[in-house]
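Written below as structure tokens is the structure these notes are about.
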Amino acid sequence: MSPEEAHKILSAASPLDVGKFYGAKKALSLGAGLIYDKVLQPLFDERERVFVTVRRPVYVLTHECDVDPANQRPFNDYVCFCPVIPLPVFLKQFQAKWESGDKLQAFLSHVGSRSVGRLVYVPPAGGPLDFGGLVYLNNINSTHVSVFQELEPIAALSEYGLRELDMSLKNALLREKAEPLSYRTYH
Amino acid sequence: MTSHLIEPGMKTFSPYLSLNVQEVGGHSLVSETGAHALALYRLWACASRWRTEGIVQLGLHQTLGQEWTVLSNSIDLLVERPGRRGVQRELTAEEHEVLRNAIWESAEIVAPGRFVEDL
């Protein structure tokens, strides 16, 4: 399956209005819904049990006010982000494992329709995200703010796109715990 | 374009609130994707305003030309599109492996990790 075909499946299954997802990135600050490529960061190597330093595409989660260089104050030196896996890379790995196009089509439909809470499809942007990507919400990480100094964003979410991604984050991370906790309030 | 329907009695969920939506005006809110999201967002914003103004009240509310009955609430409110919080599809172990491999392939290694003994 080609990235174009995969994109069509994801778009058809997704509740997103793909055309409204991105906006103008000009003059937006780090943290204002921007996606970057080649962001220096740690990645855990399970086999070696060590962190490796890598560069990869990310969507920045930290609010722009919290890393504003004009707003010097303690604890504004790290930036929280979520990695984005370019769609062609994911397709290549999936198809190396399973040749069946049906299985891939079913999987992409589930991701597009948000049945897989930890993976969020983002539509095509620039650079490595020419065919879109998958935001992996369980791999949120942070890196030093200086890492972004030499980088230009490859895409900027629109107000609509930001709201959609925020909702996915809330659903994935802030949903009510399944196990009963102490002092639960019942309604 | 996908259409969505809010049905009478449908229960929508948020991290903080379960909101039972009851349609009492005899109308169904049916719209295409973008408009529907916007409508729900407006409902969310409106409900947030209720919270901010301290007037979140159970009972009947008029929003977006629809009448909604808020049956329960707590400290915050988020209304989302139906189906978002439905049955989640779990990834299989093999799908996790694919995802892990994709993560590594999308990453350009610039420095190897170091064991403490190597330092």
Please flag which part of B:Glu97 lies under 4.5 Å from any non-hydrogen atom of chain A: side chain, backbone, both or neither.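 Side chain only.
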Shared hydrophobic cluster for [X] and [Y] (ILVMFWY, side-chain gaps under 4.5 Å):
| X | Y | value |
| --- | --- | --- |
| A:Ile140 | A:Leu30 | no |
| A:Leu34 | A:Tyr22 | no |
| A:Leu173 | A:Val120 | yes |
| A:Val39 | A:Val122 | no |

Crowded around A:Lys8 NZ? As in, over 12 foreign heavy atoms under 6.0 Å?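 Atom NZ in A:Lys8 is not crowded, with 12 or fewer foreign heavy atoms closer than 6.0 Å.
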Should we say atom CD of A:Glu99 is surrounded by more than 12 heavy atoms from elsewhere, each under 6.0 Å from it? no
Does A:Lys97 pair with B:Glu95 as a salt bridge, N-O distance under 4.0 Å?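 Judged by the 4.0 Å cut-off on N to carboxylate O distance, A:Lys97 and B:Glu95 do not form a salt bridge.
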Electrostatic pair B:Glu108-A:Lys38, nearest N-O below 4.0 angstrom: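 Here B:Glu108 pairs with A:Lys38 in a salt bridge, since their nearest N and O are under 4.0 Å apart.
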So do the side chains of [X] and [Y] get within less than 4.5 Å of each other, counting heavy atoms only?
| X | Y | result |
| --- | --- | --- |
| A:Leu40 | B:Val110 | yes |
| B:Leu99 | A:Ile85 | yes |
| B:Ile109 | A:Thr53 | no |
| B:Leu91 | A:Phe107 | yes |

How long is the span from the [atom1] atom in [X] to the [atom2] atom in [Y], to the nearest 0.5 Å?
| X | Y | atom1 | atom2 | result |
| --- | --- | --- | --- | --- |
| B:Trp104 | A:Glu46 | CH2 | CD | 9.0 Å |
| B:His96 | A:Arg118 | NE2 | CZ | 4.5 Å |
| A:Phe90 | B:Ile103 | CZ | CD1 | 10.0 Å |
| A:Lys92 | B:Ser106 | NZ | OG | 11.5 Å |

Could you report the tightest heavy-atom contact between B:Ala107 and A:Leu43, atom names first, then the distance? CB-CD2, 4.0 Å
Region of A:Leu91 in contact with chain B, defined by heavy-atom distances below 4.5 Å: neither
Could you tell me which portion of A:Tyr136 (side chain, backbone, both or neither) has an atom closer than 4.5 angstrom to a non-hydrogen atom of chain B? side chain
